[in-house]
There are 2 protein chains.
Amino acid sequence: MSKMTKRERFLETSLKLINEKGFKATTMRDIAHSLNCEVANVYNYIDSKQSLLETYLFGISNEFHAAIDTIIDSNASSEEKIRLIIRIHIDLMVKKPYELALLVNEWRNLKEPKLGTFLAERVVYENKVKSVLKEGMEAKDFKPMNIEIATYTFLSTLRWLHDKYTDLPIKINPKEIEEQISEFVFSGISKK
Amino acid sequence: MSKMTKRERFLETSLKLINEKGFKATTMRDIAHSLNCEVANVYNYIDSKQSLLETYLFGISNEFHAAIDTIIDSNASSEEKIRLIIRIHIDLMVKKPYELALLVNEWRNLKEPKLGTFLAERVVYENKVKSVLKEGMEAKDFKPMNIEIATYTFLSTLRWLHDKYTDLPIKINPKEIEEQISEFVFSGISKK
DNA sequence: TATTTACATGAACAATTGTTCATGTAAATA
DNA sequence: TATTTACATGAACAATTGTTCATGTAAATA
């Protein structure tokens with residue numbers, strides 16, 4: 001459909017613009033300008049500036065949830081599950097670096113009640129990760145840890161990726177990132 | 001001095017407000033309101049909204065640099081240096097959680113040429129960390145790693161702290177965070 | 001006592017913002 | 001051919017924004 005194509009091209013353009021300048025700093029006129037059209041025309045594609053942000057954020061959030069649910073429902077070992085979680089984060093970063101950057105940087109600009117929904121979804125996601133770590137601890141695959149700290153620290157190791165992938169022209173090889181981060185997470189930096 | 005006290009109280013109030021709503025979303029009128037005064041009065045304390053942000057960001061950035069320089073110039077082992085870097089991050093988070101949150105979340109709102117200066121300073125900081133990791137790798141304290149990935153992954157493990165410390169009423173014990181994160185960084189989550 | 005200092009006000013400003021409206025048009029569809 | 005659809009325009013709006021100005025005042029300082 002011609003509509004889809006045009007709309008998608010519009011979404012892509014404004015996504016990059018928002019990433020460059022930030023959501024608040026990007027005006028409807030900025031978006032129009034980068035599309036070579038008038039401001040009013042932008043409203044043929046979206047309802048409001050807010051809804052634009054919501055579309056992006058809930059879209060990528062859903063993708064993360066769909067991916068982790070498949071992993072959790074599998075009968076892989078805890079270690080294998082963590083390995084797969086690392087992989088989906090890197091996969092999504094390669095496929096949708098700008099959406100990922102938005103997810104990290106711009107969710108604050110959501111308004112209630114969407115903001116509450118978003119944060120609730122994020123807690124659910126964190127809890128899914130937490131459950132895998134807990135499972136692994138109980139199975140003695142993982143060492144005894146403060147589960148909260150371990151969850152946040154682990155998730156943090158995956159949260160810088162988008163930054164390098166959106167800004168730099170030279171992309172680091174995703175396979176290498178996956179190996180290096182997995183090694184870091186499972187056995188740290190010390191030469192044992 | 002009475003001036004210092006009042007100005008500092010003002011800085012503290014607006015710092016929290018900016019953290020709550022975001023820099024762009026916080027208006028001068030918001031700040032005035034939370035101080036129970038008129039907008040114009042705010043300009044007795046600062047030159048502009050931008051300079052307010054700059055004060056915070058370069059202040060905390062300098063603290064990080066001062067702290068890491070002391071560590072780098074010491075003759076501690078690489079492992080000990082990494083341990084100390086973890087410690088200063090946690091110390092600063094406990095002492096100045098709001099400044100830290102700003103450093104992570106709001107630097108994008110700086111304008112050139114301050115933005116360039118800030119980013120350059122950040123690269124310098126990352127390079128200092130990188131040099132410690134490299135040194136440790138060469139001394140065979142640390143395993144062979146892609147040094148870029150290791151640096152960003154390591155720094156990330158410290159970048160979620162402020163979030164929990166500003167939002168939650170219940171503070172996690174800093175000593176425990178330090179131990180847990182050090183263990184994570186040096187030997188990972190696997191039960192060896 | 002005279003003067004400086006730090007803090008305070010209210011009104012006004014020019015610019016920017018998201019959004020709406022009436023209207024138009026080329027291409028696809030019925 | 002008639003009509004719907006998707007995309008497009010320019011003007012206008014009400015609200016919000018950071019900042020300035022002239023002016024005031026209580027307390028500290030000279």
Side-chain angles (χ1 to χ4, degrees), chain A residues 1-58 102 105-115, chain B residues 1-58 102 105-115:
Chain A
M1 237 180 296
S2 155
K3 185 199 174 182
M4 282 311 259
T5 320
K6 270 241 165 170
R7 189 168 185 267
E8 274 167 11
R9 208 167 58 86
F10 154 77
L11 284 174
E12 201 186 298
T13 307
S14 34
L15 176 61
K16 284 190 187 166
L17 203 65
I18 291 172
N19 251 294
E20 219 176 285
K21 314 187 61 166
F23 178 72
K24 280 261 174 192
T26 305
T27 68
M28 297 307 277
R29 281 161 184 82
D30 289 335
I31 294 177
H33 181 77
S34 86
L35 286 163
N36 289 316
C37 70
E38 297 302 308
V39 211
N41 192 18
V42 174
Y43 286 87
N44 285 320
Y45 299 110
I46 51 159
D47 289 336
S48 67
K49 199 188 170 193
Q50 278 299 318
S51 76
L52 183 62
L53 184 65
E54 292 159 11
T55 304
Y56 293 129
L57 292 185
F58 286 98
L102 223 63
N105 297 321
E106 304 292 350
W107 60 265
R108 271 161 241 270
N109 293 302
L110 286 173
K111 292 200 172 130
E112 294 294 358
K114 297 281 179 178
L115 178 61
Chain B
M1 237 179 296
S2 155
K3 187 200 174 182
M4 283 311 261
T5 320
K6 270 240 163 168
R7 188 168 185 266
E8 274 168 9
R9 209 168 56 86
F10 154 77
L11 284 174
E12 201 186 298
T13 308
S14 33
L15 176 61
K16 284 192 187 165
L17 202 66
I18 290 172
N19 251 293
E20 220 176 286
K21 313 187 62 167
F23 178 71
K24 279 262 175 193
T26 305
T27 69
M28 297 307 276
R29 281 161 184 82
D30 288 335
I31 294 177
H33 181 77
S34 86
L35 286 162
N36 289 317
C37 71
E38 296 304 309
V39 210
N41 193 18
V42 175
Y43 286 87
N44 285 319
Y45 298 109
I46 51 159
D47 290 335
S48 66
K49 201 188 169 192
Q50 278 299 317
S51 76
L52 183 62
L53 183 65
E54 292 159 11
T55 304
Y56 292 129
L57 292 185
F58 286 98
L102 223 62
N105 297 322
E106 305 291 349
W107 59 266
R108 271 161 242 269
N109 294 303
L110 287 172
K111 291 198 173 133
E112 294 295 358
K114 297 282 180 179
L115 178 61

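When reading the values below, keep in mind they use all heavy atoms of this one structure, side chains included, and skip hydrogens, waters and symmetry mates. In what follows, chains carry the letters A, B, and so on, assigned in the order in which the sequence lines appear, proteins first and then strands, with residues in each chain numbered from 1.
Atom NE2 in B/His33 sits about 17 Å away from atom C1' in C/dT9, given to the nearest Å. Remark: P of C/dG18 and CD1 of A/Ile18 are 10 Å apart, rounded to the nearest angstrom. Atom CD of B/Gln50 is separated from atom P of D/dT17 by 16 Å (rounded to the nearest Å). Spacing between atom OH of B/Tyr43 and atom P of C/dG10 amounts to 17 Å, rounded to whole angstrom units. Regarding B/Leu35, its CG atom lies at a distance of 9 Å from the P atom of C/dA8, rounded to whole Å. Atom CG in A/Asn41 sits about 10 Å away from atom C1' in D/dA6, given to the nearest Å. Computed from coordinates, the B/Leu53 CG to D/dG18 C1' distance equals 15 Å when rounded to whole Å. What separates CD1 of A/Ile46 from C1' of D/dC7 is a distance of 15 Å, to the nearest Å.
With respect to B/Lys21, the side chain to side chain donor-acceptor pair (under 3.5 Å) criterion is satisfied by exactly one of B/Thr26, B/Asp30, B/Thr27: B/Asp30.
Contact between B/Tyr43 and B/Ser48 at its shortest, heavy atoms only, is CE2-CA, 4.2 Å. The two residues A/Lys114 and A/Leu110 come nearest to each other via the heavy atoms O-CD1, 4.2 Å. Shortest non-hydrogen contact noted between B/Ile46 and B/Met28 is CD1-CE, 3.8 Å.
Closest to the side chain of A/Arg29, out of D/dA12, C/dC7, D/dG18, is D/dA12. Closest to the B/Lys49 side chain, of the nucleotides D/dT19, D/dT9, C/dT9, is D/dT19. Listed nucleotides: C/dC7, C/dT20, C/dA12. Nearest to the side chain of A/Ala40: C/dT20. Here the nucleotide nearest the side chain of B/Glu38, chosen from D/dT9, C/dG10, C/dA8, is C/dG10.
Applying the 4.0 Å criterion to OP1 and OP2 of C/dA8, one finds that B/Tyr45 has a side-chain N or O inside that range.
Near DNA chain D, meaning a heavy atom under 4.0 Å from it, residues 19-28 of chain A has no residue at all.
Residue side chain B/Asn44 does not reach the base of C/dA6 through any donor-acceptor N/O pair under 3.5 Å, judged by distance alone.
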Quiz item: Please walk me through it: do B/Ile31 and B/Thr13 pass side-chain contact (heavy atoms from CB on, under 4.5 Å)?
Solution: CA-CA 8 Å; B/Ile31 294 177; B/Thr13 308; over 6 Å; no
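A 3.5 Å limit on both hydrogen-bonding distances identifies C/dA15 as the Watson-Crick or G-U partner of D/dT16. Summarising the base pairing, C/dA26 is matched to D/dT5 through a Watson-Crick or G-U wobble pair whose two defining distances lie under 3.5 Å. Remark: D/dC21 base-pairs with C/dG10; criterion is Watson-Crick or G-U wobble with both hydrogen-bond distances under 3.5 Å.
Position along DNA chain C of the nearest nucleotide to A/Asp30 versus A/Asp47 favours A/Asp30 as the more 5'-ward residue.
In B/Glu12, the CD atom is not crowded: 12 or fewer heavy atoms of neighbouring residues, nucleotides or ligands sit closer than 6.0 Å.
Between the side chains of B/Glu106 and B/Asn109, at least one donor-acceptor pair of N or O atoms lies under 3.5 Å.
The main-chain N or O of B/Phe23 is found under 3.5 Å from a side-chain atom of B/Lys49 such that the two form a donor-acceptor pair.
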